Amino acid sequence: MTEKTMTILGIAGSLRRESYNRAALRATQQLVPEGATLEIFELDGIPSFNQDDEAHPPAKVAELKARVRAADAILLVTPEYNYSIPGVLKNAIDWASRPSGDSAWHGKPVAVMGASIGMLGTARAQYHLRQVFVFLNMHPVNQPEVMIAHAAERFDAAGNLLDAQAKDLIRQLLSNLIAWTRLLQQGQPERA
Ligand SMILES: Cc1cc2nc3c(=O)[nH]c(=O)nc-3n(C[C@H](O)[C@H](O)[C@H](O)COP(=O)(O)O)c2cc1C
């Protein structure tokens with residue numbers, strides 16, 4: 001029996017036009033193994049979270065929740081701001097986790113990667129994200145850890161990822177995410 005194509009939803013936590021993380025996510029689309037597709041959701045246009053509006057969120061948040069729900073797995077590509085998760089990404093995570101009992105993230109397999117101009121390649125932001133996954137009940141892939149350090153040297157002016165080692169790690173991360181997702185879906189009823 002042929003397996004159905006797996007949909008991965010990729011979200012980069014930067015709005016910057018020349019963002020390394022958005023570029024890394026675009027580069028990742030070229031590295032997806034057969035049998036899976038990687039769609040990109042851009043976070044621009046999502047307002048600051050206001051709990052007064054959580055039951056009737058803005059259209060872009062409703063779209064985010066629908067896209068997360070429709071995906072088999074999630075790939076978060078995070079920058080690191082002040083040793084942690086950028087507000088843009090955390091804000092989107094918070095919106096899609098609400099209202100209580102209606103989180104779009106619940107039970108989703110997830111992989112993390114990130115690029116920073118610093119020497120630790122978003123390590124601290126990634127570990128903070130992994131802490132957030134505990135409360136969201138997401139299922140993270142542990143390895144490989146894809147931390148693209150010194151990002152200014154790893155991309156060309158057009159945003160192409162040049163680093164062969166980073167590309168190998170990304171391929172492995174995707175492959176592990178796909179295998180992990182299939183494992184988690186085994187025994188669960190087929191989704192409509
Ligand atoms: C508010 C702010 C805080 C930052 N803090 C960190 C940090 O803690 N660690 C780090 O490696 N880089 C830090 N940087 C630099 C980012 O790595 C760099 O701006 C990177 O390009 C952001 O990702 P992007 O290119 O996807 O937008 C910070 C940048 C900003 C704007």
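Source: prediction; values computed, not measured. Residue numbers count from 1 along this sequence. Note that ligands are numbered from 1 as they come in the structure, with each ligand's atoms numbered from 1 the same way.
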Subject >> Proximal ligand 1 atoms for Ser14, defined as those under 4.0 Å from one of its heavy atoms >> reply: 24 (P), 26 (O), 27 (O)
Original post:
Do side-chain atoms of Glu39 reach the backbone of Thr7 as a donor and acceptor pair under 3.5 angstrom?
Top reply: no
Subject >> Phe49 backbone acceptor or donor facing Asn91 side chain under 3.5 Å >> reply: yes
**OP:** Would you confirm whether Lys108, through its side chain, and Ile74, through its main-chain N or O, come within 3.5 Å as a donor-acceptor pair?
**Re:** no
Subject >> Option with minimal heavy-atom separation from atom 11 (O) of ligand 1, where the choices are Gly87, Ala151, Ala115, Ser116 >> reply: Ser116
Original post:
Just distances here: any N/O of Pro79 and N/O of ligand 1 closer than 3.5 Å?
Top reply: no
Subject >> Closest protein heavy atom (residue, atom, distance) for atom 5 (N) of ligand 1 >> reply: Asn82 N, 2.8 Å
**OP:** Provide, to 0.1 Å, the distance between atom 8 (O) of ligand 1 and the closest protein heavy atom, together with that atom's residue and name.
**Re:** Tyr83 N, 2.7 Å
Original post:
Are the side chain of Ser19 and the backbone of Leu15 linked by a donor-acceptor contact shorter than 3.5 Å?
Top reply: no
Original post:
To the nearest 0.1 Å, how far is atom 18 (C) of ligand 1 from its closest protein heavy atom, and which atom is that?
Top reply: Ile117 CG1, 4.0 Å
Original post:
Does any N or O atom in Glu18 lie less than 3.5 angstrom from one in ligand 1, N or O only?
Top reply: no
Original post:
How long is the span from the CH2 atom in Trp95 to the CG atom in Asp53, to the nearest 0.5 Å?
Top reply: 5.0 Å
**OP:** Could you verify whether a donor N or O on one side chain and an acceptor N or O on the other, from Asn176 and Gln172, lie under 3.5 Å apart?
**Re:** yes
Subject >> Closest candidate by heavy atom, reference atom 24 (P) of ligand 1, pool Ala125, Ser19, Gly13, Ser84 >> reply: Ser19
Subject >> Subset of ligand 1 atoms that lie under 4.0 Å from at least one heavy atom of Asn21 >> reply: 23 (O), 24 (P), 26 (O)
Subject >> Which of the ligand 1 atoms, numbered from 1, are nearer than 4.0 Å to a heavy atom of Gly118 >> reply: 11 (O)
Original post:
Short question: side chain of Lys65, backbone of Arg98 - any donor-acceptor pair under 3.5 Å?
Top reply: yes
Original post:
Less than 4.0 Å between atom 26 (O) of ligand 1 and some protein heavy atom, yes or no?
Top reply: yes
Distance-only check: which donor-acceptor pairs under 3.5 Å involve side-chain atoms of residues 138-151, not counting sequence neighbours?
residue: Glu145; atom: OE1; partner: Tyr127; partner atom: OH; Å: 3.3
residue: Glu145; atom: OE2; partner: Tyr127; partner atom: OH; Å: 2.6

Original post:
Given His150, Glu80, Arg124, Arg22, which has its nearest heavy atom closest to atom 12 (N) of ligand 1?
Top reply: Glu80
Original post:
Please walk me through it: do Arg182 and Asp72 pass salt bridge (Lys or Arg N to Asp or Glu O under 4.0 Å)?
Top reply: CA-CA 9 Å; Arg182 291 210 196 287; Asp72 294 293; over 6 Å; no
**OP:** Under 4.0 Å from a heavy atom of Tyr20: give me the atoms of ligand 1 that qualify, with their elements.
**Re:** 21 (O), 24 (P), 25 (O), 26 (O)
